[in-house]
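We count ligands from 1, going down the list as the structure has it; atoms in each ligand are counted the same way. Residue indices begin at 1 and follow the sequence shown.
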Amino acid sequence: MNAAVIVAAGRGARMGLERNKVLYPLCGEPVIVRTARAFSESGLFDGGIVAVTGACDLDEMKRMLEEAGLAVRAVVEGGADRQESVYRGILACDPAADIIAIHDGARPLVTRGVIERTIESAKAHGSGVASVPLKDTVKRVDASGCVVETPRRDDLRAVQTPQTFDAALIRKAHERFRAGGADGQRATDDAMLAEWMGHTVHLTDGDVENIKLTTPEDMLLAGQVLIRRGEAKKEETTMRIGHGYDVHRLVEGRRLILCGVEIPHTVGLLGHSDADVAYHALMDALLGAAAMGDIGRHFPDNDMQYKDADSGKLLDHVVALLREKGYVVGNVDVTIIAQKPKLKDYIEAMRENIAAHLRIDLDCVNVKATTTEKLGFEGECLGISAHAVACIERA
Ligand code: MG
């Protein structure tokens with residue numbers, strides 16, 4: 001009897017997300033649903049599928065799997081680290097299972113062939129771990145980053161999941177590890193635990209497309225793979241555009257902050273938050289592109305929690321909202337209209353700030369400043385305004 005443990009207890013830190021990355025949509029469907037479906041539809045798991053996730057995501061994941069019509073044996077709460085989460089998943093498996101496949105929830109592109117090869121190997125040898133040859137040459141380095149040696153590429157493999165094992169073997173490996181059998185070493189995958197037991201781990205052919213979704217670019221790549229496989233429709237227009245505009249009054253006794261850069265000046269911008277007029281225009285452009293209203297709706301200016309708020313933090317929140325809707329930012333262009341002070345020397349720092357918050361290349365961010373030839377409120381130094389346009393794409 002074959003059982004599967006799908007581990008999805010991690011946060012989306014490297015993805016720039018505020019919650020578990022497997023709950024986000026990939027071509028209109030949550031990543032975890034796509035991963036669980038690959039296992040369910042393979043027809044290889046008569047012992048059922050156990051999903052493991054963080055306590056705060058349990059209910060949402062259960063609901064998503066249910067709505068997708070995917071019957072799983074259990075959705076259980078993960079532990080402090082990956083090993084603890086996997087162990088809890090193993091405990092929730094059917095005790096009668098003699099084969100257990102362990103898989104990353106963030107690898108939705110796994111195919112039946114990849115899964116089946118690991119199972120066959122586990123039946124024959126006790127283990128079957130999906131792997132691919134390396135494309136890049138690998139260097140071992142010392143603490144200062146200098147090359148110590150270059151291992152022969154032919155002797156190296158990049159290891160993926162599923163990692164499938166004889167159930168008794170992997171249970172014992174986890175229990176031994178928990179009992180301190182690894183001398184404090186940290187395991188980055190389950191095969192290591194089996195290795196530490198003295199088991200010779202067998203590798204099977206994985207798939208270069210069986211990528212772990214780690215960065216926003218991985219989402220775009222995965223989308224392309226799904227379209228090619230016919231598992232997602234190519235949208236006619238994947239690009240959306242939004243515009244934002246904002247004005248703040250210049251007054252004495254306030255700081256002047258534009259795109260997160262504090263600029264020395266005799267006056268500053270008045271507002272409920274830090275009054276970063278350029279970030280406000282940018283946020284409105286991003287929200288506009290996603291048809292999600294404006295910042296007034298998301299961060300009301302009568303709400304005390306936004307009093308003197310760092311607009312960079314609000315911008316992070318807007319980016320997370322977009323990601324939740326399945327969008328990534330393509331490029332942005334911000335224009336600041338101010339008679340004084342001269343902004344030329346601060347433009348690069350502004351671009352860098354924006355690129356960091358949006359997690360896009362510097363090359364995709366433009367900031368420019370202009371005066372109004374002393375015309376209008378900007379020209380009379382009564383206030384500063386900003387326009388922004390943003391292009392977003394479906395991940
Ligand atoms: Mg504003």
Side-chain angles (χ1 to χ4, degrees), residues 18 240-323 325 327 329 331-343 346-347 349-358 360 365-372 375-392:
E18 288 182 352
R240 299 171 65 117
I241 269 181
H243 170 258
Y245 171 68
D246 196 23
V247 177
H248 280 261
R249 193 184 288 272
L250 280 166
V251 294
E252 279 176 5
R254 288 275 300 183
R255 298 188 300 161
L256 175 60
I257 298 169
L258 294 169
C259 293
V261 180
E262 182 160 357
I263 297 158
H265 194 38
T266 51
V267 286
L269 293 172
L270 180 66
H272 182 65
S273 65
D274 62 7
D276 189 330
V277 66
Y279 270 175
H280 293 184
L282 178 58
M283 286 188 267
D284 270 350
L286 292 166
L287 290 167
M292 292 174 77
D294 59 20
I295 54 171
R297 188 173 115 194
H298 296 275
F299 314 111
D301 65 7
N302 51 12
D303 187 333
M304 282 317 283
Q305 69 166 308
Y306 302 121
K307 177 103 179 68
D308 298 321
D310 171 358
S311 295
K313 293 235 165 60
L314 307 184
L315 180 57
D316 289 338
H317 185 72
V318 166
V319 173
L321 288 173
L322 254 55
R323 293 260 164 80
K325 264 200 123 184
Y327 294 115
V329 181
N331 71 299
V332 298
D333 184 20
V334 178
T335 304
I336 301 167
I337 301 145
Q339 193 64 42
K340 277 182 195 168
K342 285 261 169 282
L343 299 176
Y346 305 100
I347 297 287
M350 293 182 191
R351 288 179 67 210
E352 280 165 21
N353 282 350
I354 293 175
H357 283 291
L358 303 187
I360 59 178
V365 178
N366 194 62
V367 176
K368 47 202 186 310
T370 183
T371 69
T372 55
L375 295 168
F377 66 85
E378 299 101 330
E380 291 171 31
C381 298
L382 299 174
I384 291 178
S385 66
H387 288 267
V389 285
C391 161
I392 62 172

**Request:** For the Mg ion (ligand 1), decide whether Asp276 has an N, O or S atom at a distance under 2.8 Å.
**Result:** no
**Request:** Could you tell me whether the side chain of His248 reaches within less than 4.5 Å of the side chain of His280, counting heavy atoms only?
**Result:**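 Yes, close enough: below the 4.5 Å cut-off.
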**Prompt:** With side chains defined as the heavy atoms from C-beta onward, is the minimum distance between Arg249 and Phe377 less than 4.5 Å?
**Reply:** no
**Complete:** Closest heavy-atom pair, Ser273 versus Arg254, reported as atoms and distance to 0.1 Å, is O-NH2, 3.0 Å
**Request:** Looking only at N, O or S atoms, find the one in His280 nearest to the Mg ion (ligand 1) and name it.
**Result:** ND1
**Message:** Quick check: of its N, O or S atoms, which one does Asp246 have closest to the Mg ion (ligand 1)?
**Reply:**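 So the atom name we want here is OD2.
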**Item:** Among Asn366, Val365, Val389, side chain to side chain contact (heavy atoms under 4.5 Å, CB included) partner for Val332
**Value:**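 Of the listed options, the one satisfying the test is Val365.
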